[in-house]
Structures are given as structure tokens and as C-alpha cells.
Protein chains: 2
Amino acid sequence: MEKEITIYDLAKILALSPATVSRALNDHPAINAKTKVLIAEKAAELGYRSNTFASHLRTRKTNTLGVIVPRLNSNFMSTVLAGMEEVANNVGYNLLISQSLESEVKERANAKTMFNSRVDGLLVSVAYDTYSFGHFSTFISRNIPVLFFDRILTHPQCGAVIIDNEQAGYDATRHLLDQGCRRIMHVTGDLRRNVYGDRLEGFKRALAGQNLSLDNRLILSTDLSQEAGRAVAEQIDQMQEKPDGLFIANDLCAAICMQALKEKGYAIPGDVAIVGFNNDPVSQVVSPQLTTIFYPGYQMGKTAMTTMIGQLNGTRPIDHSEPIILRSELIIRRSSILLEKS
Amino acid sequence: MEKEITIYDLAKILALSPATVSRALNDHPAINAKTKVLIAEKAAELGYRSNTFASHLRTRKTNTLGVIVPRLNSNFMSTVLAGMEEVANNVGYNLLISQSLESEVKERANAKTMFNSRVDGLLVSVAYDTYSFGHFSTFISRNIPVLFFDRILTHPQCGAVIIDNEQAGYDATRHLLDQGCRRIMHVTGDLRRNVYGDRLEGFKRALAGQNLSLDNRLILSTDLSQEAGRAVAEQIDQMQEKPDGLFIANDLCAAICMQALKEKGYAIPGDVAIVGFNNDPVSQVVSPQLTTIFYPGYQMGKTAMTTMIGQLNGTRPIDHSEPIILRSELIIRRSSILLEKS
DNA sequence: GTGAAAGCGCTAACAC
DNA sequence: GTGTTAGCGCTTTCAC
């Protein structure tokens, strides 16, 4: 076990004060350039590494940001995280990542851990059943910025990065309508969650635009799991008046559902046209390929992180009155094409 | 911005010494049980939270573990991470996660950051092009345990958690042979990497078992990307002697390749039987569904983390002479079934 | 069973 | 441009 080199060791060897060494290492402008070089070389030579705890203890900054996501093992979330990590890493922030496993209880515990770890900021996409803000208010009261992304809670002091779910829901539905569908079923998640609630609004707007009335039996709130996909296919098979279009708020769920429908003998898109959501890799490999909404996960991660870091640096004006909205996009594939392009 | 409560505040209020408060909070046996209760209550009442930096500064322990993965946005890796997170979270360890983006250079930088963050241990799945051990030896020399998982580097002082890639490669190939394939192509990654090299060994052993000679033109080392999948289909289409079996070391790549082959008019599995690798969600939604190797990602994450924590606690005997090998499993689906079960 | 005191390594006033 | 000094909040001998 080698001994750790400290700034005191460097100071003694170079006949300087620890303060000078500290300043030089932090690239303080007041220090002579030559002195800096000297110190940097010696530090490298002796394998000096800054003790972040001592530093954090003084500065009360940790250079660490907490990220809480519902699940790590989802294509979308890991893509978001990848984007966040890239930005954070580039500017020297570390990421403390944990998952709520879709449980508010666990999310609360994670938030507490983050708080105790003294993260400089917190980025959160909330769990399926999170509706209270309490576990984040400790952050707010200590001036630690909290930024929500994708699945958000609305709070005057918290930023948010989302896509325009209402518009995306509208686009998806409108596309099915344009293809001639007149009886569209919408399979979605918990409607109190912004991402699902907003999509439903878009769904409704699209129907209203065609003077179609809303049939509540055609709105299914599920957990969007693979099992849900199978169950939906089963349910459709049992229905008297079957839908001719299906808008499912998750690609994997949609893919499984499509597969189950095909097995039951339904033609896709002939009998039922299908639109998914997320542009997950599965949407490209199912047949027919799945029409979906491109969800810019990587960009969302980068934007959220950039916003957070900007806020921490004070380089970016903070306006939490409006969420940051990223562009999503309808990607039309074979699962929904009923009309040839004219 | 509320003021932080420290043990000094608690000590003063309770007319005790900071030392006693510290000991009580850490459940030191020498402290009177009643005193402990008293202190705990007051701490809770005032919203005291331990300053981990001050603590770390003294104890030189961080309760933080570093994890470096090639990419966060892969289904397999995020599943592994989910498993790790669950275990770590349960015993109070935090995870500092970063991605190498398949570059040894970035991996080196990440390792340095982890080192400076004083992680108590490091878990690594190495980048595509990592062959030197140098950036990990600083950890070893400071007695910080390094554990590799999945894509490993072999080192006498580092543990490793893997699946038996050789056996998996054998199983996949043997299955194709059992289905009657006689000209099997193997599409894989960088053969110097254990996961790919070992699978190739299994591939060879299976062929040898049937007295089939090895045709090097049928071994393709690619980056296993989606583009690679398309390129392989193209290449097969151009070949004079086409393969009747295809073993691709990645499900998404395999799914894309299958799709491209289908578009070119090949029957799957009739013309070409296909086996993938990973049991990625895509393997279940392609048609025909893809035969693959189940890769226990969640379990791998849990096992790796449990091993690491055991080593840190000293509760687990450490034997790095042999890697920990998890069971993987061939999952037979329609993409490779040529013979009906007898 | 509890207290006094030193010090972990760093940074930031404040001097000069 | 560099040095002096005083902590940041905690743990841990060593006392009693």
C-alpha cells in the first residue's frame, strides 16, 4: 500500500506553501505559469491525486450529480443515461445513478441517499406511482437544483425536459386516421403520469379533428409490459366491434401485441394498423416494421445534463416556468401503411 | 438555505462531547444504550445528516463503487447494471457509473476519475479495444479491488464473473449441426476479446465433433452492429457456396441480418438457420423468433456486486485463480428449427 | 461510559 | 505572486 502524496508533500519538496500548490493545481490565475508547470510536473511524477473529500469538505461541492430513473434496463432510459454521462463526464461531473424500480417508496429512499451523499444536483424521471413531491423538497430547501426529465412532476422551482407528448399522441393518431382508420384503440399507461396523460390528450384532439366521438372502451390503461401486449391482443380478439387501428404507447408492448394478433390470424396492417412509441430497436426488426414515435433519448439526456450544469455554473439563465421541449417525430413504417402514397 | 446540523451542535445541545455523539451515531458498543437513544432522537428531530466527506476524510472509505461499462445503452449492460444497483443499494453502497464508449482511451480516463473519487472498488467490463492493464494497476497497488465481468482481462489479483462462452458457442453451433446444417458461418466480434474468442473455440469444437473442417471464410469478425448485420446478408447473397447455418454473436445484429436475408428472398430457417446471442428482447419479436443464448445479465450484475462487497467486507474468501462462471442456456426458437421433434 | 484533543487534506481569507 | 492560518466535520487514540 503506497503512501498518498498530499499538497504538503509537494509543497515541502518544492519549497513552496501548500496554498500555492493548491492554487496551482486548480489553475488559479494569480499563480505564475512557470510555478504551475513546476508543480504539475512534480505532481505527475509523484503520482499525486487530489483528495476529493478534503476538497469537498471545504468547498461544499461534490462534483457529483444524482440520477434517479424508474429502471436502468430499458432501452430508452439507458440511452438517456448515456447522453447524460457523456455531457457530465466531459465537464468533470460524476454520476451517482440509482433506480426506483417504479416504486415511490424506493424512489424516496434513493433521494435520501443522494441527499446524504451531498449531490450538487438531482435529475429524476419519476416512478410509476410517484405523486408526492415531499422527498424532493429537502433538496429545494437547501438550494440543490432538481430537474425532472421525461416523467415529470411540475413544480415552480424545478426544471423539466420532455417531449411534446400531446403532439406526439396527436401525430400518431392522426396518421392512423389519415390511413383510413375509424375505430382506433389506445393502449397506454397510468393516465396521471404526464407522458401518458398528454398522449391521450393528443389522441383525443386528433379524433375530435375528424369529428369522431371518443369511445372510452377503446382506451386501455395498462402497465405496458409484454404481458399487457399479449392481453390486449386477446381482448381485441374477443371484441365484437374490433378496432381497425391501434396506438400503443410503448414499442415492445406493441411488438408483442402485433405478434400475438398475427398468430391469431389478423393481418397487420390490413385488419389492424399499429403505431408504437419510442423507436426502440424492436420496432425495426418486427415484421411488419413498426410505425412509431422517435423519442430522442440521447438528446434528452444531453439536454437535461447541460441544463443542470448550466444552472450549477450560473452560466445559464434559469427559467422553470416552462419545460424544455424536445422534438419527437413520427416514423412511418409498414405496420400502419394502408394507403399507397399518391 | 438551512444551516447544516453537525455533531457539535448535537453535543452542545445535549451537553455531551462530540466524540460521544459520533460514537453513538455509529452504534459504538461502549456507549450507553440510553445515551444512544437520546442522541438518535435529537439527531432525527433536528434533521442531522452525517457529512460523508468529513467521515471519508478520516476513515478513507467512501462506500462508493465504480462501474465502467462499454456502453450504457445496451440491453445487456443495463440489465447487468440493474442487478448491480439492486445489491449495492441494499447494503448502502453507491454506484459511480461511467461508460468507455468502447474506447480504451476513455476507459483510461474513467478509471482515473474513479481513482480520484476514491472508489472502494471497481467493476469493469472492458472496451472493445482494451488490452493493456496499466490503468487498473494503480488500483491494485493501492489495494483497491478490481473485478471484471463479461468482457474481462485476466489478472492474478482480479476476480472475474463471466458465462462459459466456449460452451455457449459450442451449444449454439451444435444445435445448428443437429438441425442438419453443414456449412455454418460464424459472425462475431474482435477475437482477442474473451467473449468472442471463447465462443469461436466452442464453434470449432462443435465442428470438430462432427469431423467438419474449418473454413476460415466462414468466420467473420465484425463490430456486430446493425450495419454489420446488413453487410453480412449482402455478403451471403454474393457467395457462391452459401452457408446453411448462421451463428451471430449478437441478437440485434442477427435480427437485422435475418430481416435483410428475408428481403432478399431467403427462407429462414429453410435456406439459412440462424442462432443469435444474448436473449435480447428483439429475439422474441422478430419472425421467425430467434434462437439464442440466454445471457444472465441481471444475475451477472448481482453476482459481481455480491462478490465485490464480500471482498470488501472480508466476509468472503477471495480466490481469483478461477473466474466465477454463470450458467447460460440455449433457447431454441423458430429461426433454427429444421427438424420436427421426434 | 465519556471527554479532550489531534489531525485527515484541502481551500480561502487575509496578509505581504 | 506567494505565504500564513484557520477551519470544514468527523473519528480515534489516549486519558480518566
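Throughout, protein chains are lettered first and strands after them, A, B, ... in sequence-line order, and every chain is numbered starting at 1.
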With heavy-atom distances below 4.5 Å as the criterion, would you say the side chains of [X] and [Y] are in contact?
{"X": "B:Glu4", "Y": "A:Arg142", "answer": "yes"}
{"X": "A:Thr303", "Y": "A:Leu326", "answer": "yes"}
{"X": "A:Ile144", "Y": "A:Asp120", "answer": "no"}
{"X": "A:Leu95", "Y": "A:Thr64", "answer": "no"}

When the axes are fitted on five pairs at both termini, how much does the helix from C:dG1-D:dC16 to C:dC16-D:dG1 curve, in 10° steps? 30°
Residue list, salt bridge (Lys or Arg N to Asp or Glu O under 4.0 Å) with A:Arg193, at least two apart or on another chain: none
Heavy-atom contact window of chain B on DNA chain C, given 5' to 3' at under 4.0 Å: C:dG1 to C:dG9
Under the ring pair (Phe, Tyr, Trp, His ring centres under 6.0 Å) test, residues paired with B:Phe115 that sit two or more places apart: B:Phe139
Across all chains, not counting sequence neighbours, the ring pair (Phe, Tyr, Trp, His ring centres under 6.0 Å) partners of A:Phe133 are A:Phe136, A:His155
Is it the case that B:Asn110 and A:Asn89 place a side-chain donor and acceptor less than 3.5 Å from each other? yes
Does the side chain of A:Ser117 pick up a donor-acceptor pair with the side chain of B:Asn94 at under 3.5 Å? yes
Would you please test B:Leu81 and B:Val67 for side-chain contact (heavy atoms from CB on, under 4.5 Å) and show each step? CA-CA 9 Å; B:Leu81 286 173; B:Val67 185; 3.7 Å; yes
Can you name the atoms? Protein N/O to nucleotides 9-12 of chain D N/O, anything below 3.5 Å, with the distance.
{"residue": "D:dG9", "atom": "OP1", "partner": "A:Arg60", "partner atom": "NH2", "Å": "2.4"}
{"residue": "D:dG9", "atom": "N2", "partner": "B:Ala54", "partner atom": "O", "Å": "3.3"}
{"residue": "D:dC10", "atom": "OP1", "partner": "B:Tyr48", "partner atom": "OH", "Å": "2.5"}
{"residue": "D:dC10", "atom": "OP1", "partner": "B:Asn51", "partner atom": "N", "Å": "3.3"}
{"residue": "D:dC10", "atom": "OP2", "partner": "B:Ile7", "partner atom": "N", "Å": "2.7"}
{"residue": "D:dC10", "atom": "N4", "partner": "B:Tyr8", "partner atom": "OH", "Å": "2.3"}
{"residue": "D:dT11", "atom": "OP1", "partner": "B:Asn26", "partner atom": "ND2", "Å": "3.2"}
{"residue": "D:dT11", "atom": "OP2", "partner": "B:Ser22", "partner atom": "OG", "Å": "2.6"}
{"residue": "D:dT11", "atom": "OP2", "partner": "B:Asn26", "partner atom": "ND2", "Å": "3.3"}
{"residue": "D:dT11", "atom": "O2", "partner": "B:Arg58", "partner atom": "NH1", "Å": "2.5"}
{"residue": "D:dT11", "atom": "O2", "partner": "B:Arg58", "partner atom": "NH2", "Å": "3.3"}
{"residue": "D:dT12", "atom": "O4'", "partner": "B:Arg58", "partner atom": "NH2", "Å": "3.1"}

